[in-house]
Structures are given as structure tokens and as C-alpha cells.
Amino acid sequence: MGMVKSTNEGNITGFILLGFSDYPQLQTALFVVILILYLLTILGNTTIILISHLEPKLHTPMYFFLSHLSFLDLCFTSSVIPQLLVNLQDPMKTITYGGCMVQLYVSLALGSTECVLLAVMSYDRYVAICRPLHYALLMHPHLCMALTSLAWLSGVATTLVQSTLTLQLPLCGHHQVDHFICEVPVLIKLACVDTTFNEAELFVASILFLVVPISFILVSYGYITQAVLKIKSATGRKKVLGTCSSHVTVVIMFYGTIMFMYLQSAKSTYKDQRKFVSLFYTVLTPMLNPLIYTLRNKEVKEALRRVLGKILVIKFT
């Protein structure tokens, strides 16, 4: 395997992303599968964004937040997957220092934003189900915009702190990253100094962006469950559960894999598990989100049919 030169012992000009080098027999298959999933991610999330804007019946807070989630997933996967695909075919598996830095800042910002946005979406479901008569008043456009802005700004703030602190660590010439993406835990592991402070900061950030949002989501769905149990009509209960099941599924997939990654020590030796779990939330989850919301949501399916019908009418007239 090729080496990346450094101008001196402390000035790294690039990194080697080892990725799945230990599994050379899997790399071609991974390339094909990941490429297909990436294309499906682009198609699915772009479709959600378009129908949320083109279909008047979907101009509601729920779909406003959903379109932001789809945009996040598009940006997040595009910050990671193209470099991964290149490295799966490139025996050198290199990434420039600048490329690694951009990937670190962007992916962390987007991932942190999604953590907060999913909590915001649970609040929207709580208001819709537990306080339906006040929904239009409570979830007005200004509040929706403020909540999404909070999610985006919190993501930017955490990456400015975490990524900057991580990049200031001396690496002493170490440049082989045992991962397929430049992430805070794996870069901390490269440092040749005591990283107790960085690990503590990472743990605190994980609490703020993982434990706090998931706790908020659990409380929201606790109230939602109480409201559902009070509904006497089986049809009514089924309708309410249908509107929440998509969000719950996405939350479980996203937070489950992220918590596995970030709530363990950066010095953890479970490197192979880290890589495959990372594949799940960087490749599979963003592709599944549009499918989950489409297949389990009658409104989205009907809106998609109407939009496609309009397109076909325009095309053949």
C-alpha cells in the first residue's frame, strides 16, 4: 500500500483511509452495493423534497421537517460516499488533509443537525396528536423555521468545536486512518498525546446530541402513547399509529447505530464493528428513510401519484 508523504513529522499532507482493506474479497461487491444504494438515496430523497414542495396538501409542518431531513441525508451521504467509492477502487486509498478536514466538519455538522431535527419532528407529532385543536396555532411557520434553524445552528456549532479540537491534536506522522471516513473518534485514536480532554469533550457532546434528544423523543412518545390509548375507535388508533410509525422506525435506526459509535471510548478496539455500523448509518439509513416515509404514509403515496400524473399529462399534451 502506498504511503502519504508528510512535509515533516508533525505536518501531515494527507491520510490513508484503510477502510475495508482487511477484506479485499468484499471490496468489489461493496462498491457495487454502495453505488446502487447511493443512487437510490439520491432518487428517494430528491423525490421527497420535490413532492413536499410541489404538492399543496403536503405544505404542513410535518412535511416541512421531512424535506429538511431528506436534504440532510442527501448532503450527508454526498460528503462521505463518493470518497468511499473512490477508495474501494483505488489501491492507494488516500485523501488529502484538506479533503479529510472538509469531510470531518461537514459530516459532523450534518449528523448533529439530524439528531436535533429528529427530536423536533417528535415534538411536531406530539402537538398533532395530543393537542390537535391547537396544532395550527402552536406549529405556525415562524416556529417551524425557528426550530429547523436551531437544529442547523447547533450542528454547525458542535462541529466547529469538536472538529477544531480534534484537528489540533499532534499526530506525530501517523496518517493511516483505520476507517473509511474521517470521524472524530478515529482521528483521536491517531494522536500521540494524552487525549483525555478530547474524549471527555466527545462524551459530553454525545450526551447533548444523542442522549438528550432521544430522551426528549421518548417523553414525547410517552405522551403520544397515553393519547392513543384513550382513543376508543380502532380506526382512529390505527391512523394515529400510522403517522408515527415511520418516525419511530427512523429514530431507532439512526440513534441505535450512532449511539453504538459515539458512546464508546475513542480507544475502543472494536474497529471492524465500527466500520460496518458506520456503513449502516452513512449508506443504508439515508436510503431507507424515503422508503419508510413513502411506504407507510398514505398521504405521501397519494401525493406522489398526483405529481406523477401531472407530469405525465404535461408530457403527453
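Throughout, numbering of the chain's residues begins at 1 and tracks the sequence. Bear in mind that the values here come from a model prediction, so they are computed numbers and not experimental data. Hydrogens, waters and symmetry mates are skipped; everything else that's a heavy atom, side chains included, is used.
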**Prompt:** Charged N to carboxylate O under 4.0 angstrom, Lys189 versus Asp178?
**Reply:** no
**Message:** What I'd like to find out is whether the side chain of Glu201 reaches to under 4.5 Å of the side chain of Leu165, using heavy atoms alone.
**Reply:** yes
**Prompt:** Taking all non-hydrogen atoms of both residues, which atom of Pro24 and which atom of Ser21 are closest, and how far apart?
**Reply:** CD-O, 3.4 Å
**Request:** For the pair His247 and Tyr221, name the ring-plane relationship: parallel under 30°, tilted 30 to 60°, perpendicular over 60°.
**Result:** parallel
**Request:** For residues Phe64 and Asp124, determine if any side-chain heavy atom of one lies less than 4.5 Å from a side-chain heavy atom of the other.
**Result:** no
**Asked** So, Tyr97 versus His175, ring centres under 6.0 angstrom or not?
**Response** no
**Message:** Taking the side chain as everything from C-beta on, heavy atoms only, tell me whether Tyr123 gets closer than 4.5 Å to Phe65.
**Reply:** no
**Item:** More than 12 heavy atoms of other groups within 6.0 Å of His140 NE2
**Value:** yes
**Item:** Pairwise side-chain contact, Leu18 with His179, heavy-atom cut-off 4.5 Å (strictly under)
**Value:** no
**Message:** Could you tell me if Ser278 and Thr282 have a donor-acceptor pair between their side chains, going purely by distance under 3.5 Å?
**Reply:** no
**Request:** Kindly indicate whether the side chain of Val186, heavy atoms from C-beta on, has any atom under 4.5 Å from the side chain of Leu190.
**Result:** no
**Item:** Minimum heavy-atom distance Ile129-Ala227, with the two atoms named
**Value:** CG2-CB, 4.1 Å
**Request:** Taking the side chain as every heavy atom from C-beta outward, state whether Val184 and Leu108 have any atom pair closer than 4.5 Å.
**Result:** yes
**Message:** In the structure I gave you, are the side-chain heavy atoms of Leu30 and Leu279 within less than 4.5 Å of one another anywhere?
**Reply:** yes
**Complete:** Closest heavy-atom pair, Ser107 versus Cys182, reported as atoms and distance to 0.1 Å, is OG-O, 4.3 Å
**Prompt:** Are the aromatic ring centres of Phe20 and Phe180 under 6.0 angstrom apart?
**Reply:** yes
**Residue pair Pro286 / Tyr281, side-chain heavy-atom distance below 4.5 Å** = no
**Request:** Flag yes if more than 12 heavy atoms outside Phe71 fall under 6.0 Å of its CZ atom; otherwise flag no.
**Result:** no
